[in-house]
Enquirer: 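Dropping the structure in here first, questions after.
Just so it is clear: chains get the letters A, B, ... in the order the sequence lines come, proteins before strands, and each one is counted from 1.
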Amino acid sequence: MSGAAVTIRRLERSFGGNAVLNGVDLDVAPGEFVSLIGASGVGKSTLLKIVAGLDEATAGILRVDAGTKRPEVRMMFQEDRLLPWRTVLGNVVLGTRGREADGAEILHAVGLGERGDDYPAVLSGGQRQRAALARALLHQPDLLLLDEPFGALDALTRAAMQELLSSLLRQSPRTVLLVTHDVDEALLLSDRVIVMRAGRIARSLALPGPRPRPRGDAELARLKEELIGSLLHDEGTADTDKPRRVKRELQPHT
Amino acid sequence: MTDAVDKTAPARIVEQQERVPGLLRSVGWHLLPWLLPFVLLVLWHWSAVSGHLNRSVLPGPLDVVDVAISLIERGQLQHHLIVSLRRVAVGFGLGAVTGLALGIVVGLSTTARQFADLTIQMVRTVPHLALVPLMIFWFGIGEEPRVLLVALGVVFSVYINTVSGIRSVDPKLVEMGRSYGLTKPQLIWSIILPGALQQILTGIRYALGVAWLTLVVAETIASREGLGFLVQDARELLRLDVIVLVILIYAAAGWLADLLTRSIEARLLSWHPSYSSRAARS
């Protein structure tokens, strides 16, 4: 399996005395797809940002190892973060030189072969996320970090993007860390689901069989119930910024 | 979703074209903004020839055209116009470049902002036209005080808009750029400056207006050439027609400058949905 190995030990991050990450230990094998789920504010995105190098840990060890070479780490965000003043192709090849041909090829792979010369403003939300995915993949990242990349899309587009991502990963495997709120998405795409709680890893659940998994499988349905159960357990303890209405809806089930 | 929009949009356009005779409507639409100036001009002319308007109060449009022709024949109008344009161009260039450079440095560096912004804001509160006597005292009545005054008028509006444009660039885009390994110069060139461009151009457009205004004042003081001199000279000779002519030239020049910056804006911001017909379609 190609891709980087990630080693995280006792990782801590606090903002002004407020501990967001509180001793995270995590090992990700090369080529493994790991999903991080958990209530809002438990530090999933902070962990991802630290791995991406966009934030610094207060304490602890983070190692991203891609063998002899320097690991390529690329991140995809919930918003497409395309530069509106660059064409789609210009966005994909951002920061590179003379890679327009590769960029066009990758755009083709994500189904935007014809849209390279358009500005992002004329694309739909799903198309923009495709372009953002193409931009991340151009660098052949050893480690792909996905911060709720499909969270803002409608259900159909999200399903299409999930299909696309898993088929692209089948063609060229790489290590992936996905932060998501969507338990189904985590179960569908990943090898392992990590549940975070109060800045720590609360559970690590290895999923059976190869991915992507068939939707509607009985074993998966059972795992989903279990994961949702352990997520609901968190509501009220770690949740700080979720709307109150959601809390009330959920509480009767616990 | 876009596909659906793309299918409906052309259909709607076709519908509109069928409803009205296209060419006639389009020509009328483009002439509409000129209707009011034309009516005013006709009214002005009619008042002048019918005697409703005393020519010692306001000369008619034909008088203005006559004096323009005679001034052009003597080569005076071109000469003074070029002198004035040169002053505006040099002063504006000087001020815009300085304002842009200062604005970029202060916009990008928190340290520079902490160090210089207060001072610049304090200096900015001085009305630059209040410096006219000081300028004349320092530089005499040559070209320098006029050009410097124009530059002073321009520098702050470019500076303020550049700083605030840079500061308002979406931090999420900057974060994306950093995670994609852009170097600092690449970050500035590919993300920060394009992101600030719209506001920088707004500042430049405003500054162009200030530049003309400053020139009018700067040229009326102890000047020997330029449009402002022409006005002063005409005032002393009671030549109302020349005064009106120069005022109209000021107006036309300001309008042309605005047109020019607008077309530059449309070009540089063609990606922007509100500037591009292509992007605005969907």
Enquirer: Do any of residues 149-168 of chain B come closer than 4.5 Å to chain A, heavy atom to heavy atom, and if so which ones, in number order?
Expert: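 Counting heavy atoms that sit under 4.5 Å from chain A, no residue of residues 149-168 of chain B is involved.
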Enquirer: Under a 4.5 Å heavy-atom cut-off, does chain B meet the side chain of A:Ala132, its backbone, both or neither?
Expert: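 Just its backbone gets close to chain B.
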Enquirer: Using heavy-atom distances under 4.5 Å, tell me whether A:Leu145 contacts chain B through its side chain, its backbone, both, or neither.
Expert: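 For A:Leu145, there is no contact with chain B at all, as no heavy atom is under 4.5 Å.
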Enquirer: Check each atom of A:Glu72 against the heavy atoms of chain B and say whether the ones under 4.5 Å are side chain, backbone, both or neither.
Expert: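 Neither part.
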Enquirer: Output the residues of residues 171-191 of chain B for which the shortest heavy-atom distance to chain A is under 4.5 Å, in residue-number order; output 'none' if no such residue exists.
Expert: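 Residues of residues 171-191 of chain B touching chain A at under 4.5 Å: B:Lys172, B:Leu173, B:Glu175, B:Met176, B:Arg178, B:Ser179, B:Tyr180, B:Leu182, B:Gln186, B:Ser190, B:Ile191.
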Enquirer: Using side-chain heavy atoms (C-beta onward) and a distance below 4.5 Å, is A:Pro120 in contact with B:Trp271?
Expert: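 A:Pro120 does not reach B:Trp271 side chain to side chain.
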Enquirer: Using a cut-off of 6.0 Å, state whether more than 12 heavy atoms not belonging to B:Tyr250 lie near its atom OH.
Expert: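 Yes, OH of B:Tyr250 has more than 12 neighbouring heavy atoms, counting only those of other groups under 6.0 Å.
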Enquirer: Return yes when atom CZ of A:Arg63 has more than 12 non-hydrogen atoms of other residues, nucleotides or ligands closer than 6.0 Å, and no otherwise.
Expert: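 Result for CZ/A:Arg63: open.
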Enquirer: Is the CZ atom of A:Phe15 crowded by more than 12 outside heavy atoms at less than 6.0 Å?
Expert: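 Yes.
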Enquirer: Looking at CH2 of A:Trp85 and CG of B:Leu268, how far apart are the two atoms once the value is rounded to the nearest 0.5 Å?
Expert: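 These two atoms lie 13.5 Å from each other.
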